[in-house]
Amino acid sequence: MNVKISTSLDGLKDGNDSIRVDQKGRGTFDTIMNKIKLLKSIDHPIDGFTVTVTDRNFHLVDESIVDLAKEIGVKDMAMDFDLVRSIGITTESCVEKILLLRHYAHQKDLNFYGTWETPFRNLMSNSWLNTPHAFCPAMEGKTLEFNVDGSLKTCGHTNTVVGSSDTFEECFTPESKYSQLIESRLPGNNDFCKGCEIEGSCAGQCQVTLESSRNDNQLVGRMCQLMIATTRSLINEYLEGR
Ligand code: SF4
């Protein structure tokens, strides 16, 4: 059985419990750690965890979370910034934290990633000369969600309906909503992204992120700044051989 188990864990106890609480407002760190131990005891250890960083736990997330990942025994650790609920953290400080933790995680032989890495990864491993590619698998046409009401969506998180299971074949015709959505997201077709320095490797980021920030230009601007600044820094690091 090839099932991977991962969880959210937003730092050590102080960092996690400052944002991830239960319905009664109690911190969830101890519960998450207990479940991680339980899974390990029945030979189904978790494979990794994701750290969400906001204004509230930003200063509490540091190298110690990488040390905890090693202690738990996972190979994968992801970190992303919740810019929707965070207006107090700057792009520069986010990039600084990414580089610091990425470097430390690699020293400890851990995979460390986040959505901020996707344009850089696309730049390093894909070329439009060989194969089309996109920021998210949904926009590469790799995922399709079948819902109980018969609707089809490009992934499990989006609100955009692209077809119906009753007329499944029609979903893939050139005029279909699905084809047109993907067409509209290709480099050169999205007015918002035209001319951006990472257009080919980012091309509008994730569809769900776009939906959730559609009416908030400031938020979209901050997300783009983070994506561009991180990609530049990762390219610099690569060129410097670090
Ligand atoms: S960073 Fe922003 S403007 Fe640039 S390609 Fe990505 S979504 Fe478009």
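In listed order, ligands and their atoms are each counted from 1. Values below: every heavy atom of this structure, side chains too, minus hydrogens, waters and symmetry copies. This structure is a prediction, so every number in the text was calculated from the model and none was measured.
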Side chains of [X] and [Y], donor plus acceptor under 3.5 Å:
X      : Y      : result
Asn16  : Thr28  : yes
Thr115 : Thr118 : no
Asp67  : Tyr104 : yes

Q. Does Cys196 bring an N, O or S atom to under 2.8 Å of atom 4 (Fe) of ligand 1?
A.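 Yes, Cys196 qualifies, because one of its backbone or side-chain N, O or S atoms lies under 2.8 Å.
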Would you mind checking which non-hydrogen protein atom is closest to [atom], with the distance to 0.1 Å?
atom                    : answer
atom 7 (S) of ligand 1  : Gly204 CA, 3.5 Å
atom 8 (Fe) of ligand 1 : Cys193 SG, 2.3 Å
atom 6 (Fe) of ligand 1 : Cys202 SG, 2.3 Å

(Q) Salt bridge check, Lys4 against Asp47: does any charged N sit closer than 4.0 Å to a carboxylate O? (A) no
Q | Where ligand 1 meets Ala203 - atom numbers and elements under 4.0 angstrom, heavy-atom basis | A |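 Ligand 1 atoms under the 4.0 Å threshold to Ala203: 5 (S).
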Q. For ligand 1, which atoms, with element, lie under 4.0 Å from some heavy atom of Glu199?
A. 5 (S)
(Q) With respect to atom 2 (Fe) of ligand 1, please indicate if Cys224 possesses an N, O or S atom at a distance under 2.8 Å. (A)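 Checking Cys224: at least one N, O or S atom is under 2.8 Å.
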(Q) Under 4.0 Å, heavy-atom basis, I'd like to know which part of Pro119 is in contact with ligand 1: side chain, backbone, both or neither. (A)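 It is neither; nothing of Pro119 touches ligand 1.
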Q: Kindly indicate, with the supporting measurements, whether the criterion salt bridge (charged side-chain N to carboxylate O under 4.0 Å, His left out) is fulfilled by Lys97 and Asp62.
A: CA-CA 8 Å; Lys97 193 165 292 279; Asp62 57 21; over 6 Å; no
Q. Does Cys155 offer a backbone N or O that forms a donor-acceptor pair with the side chain of Thr158 under 3.5 Å?
A. no
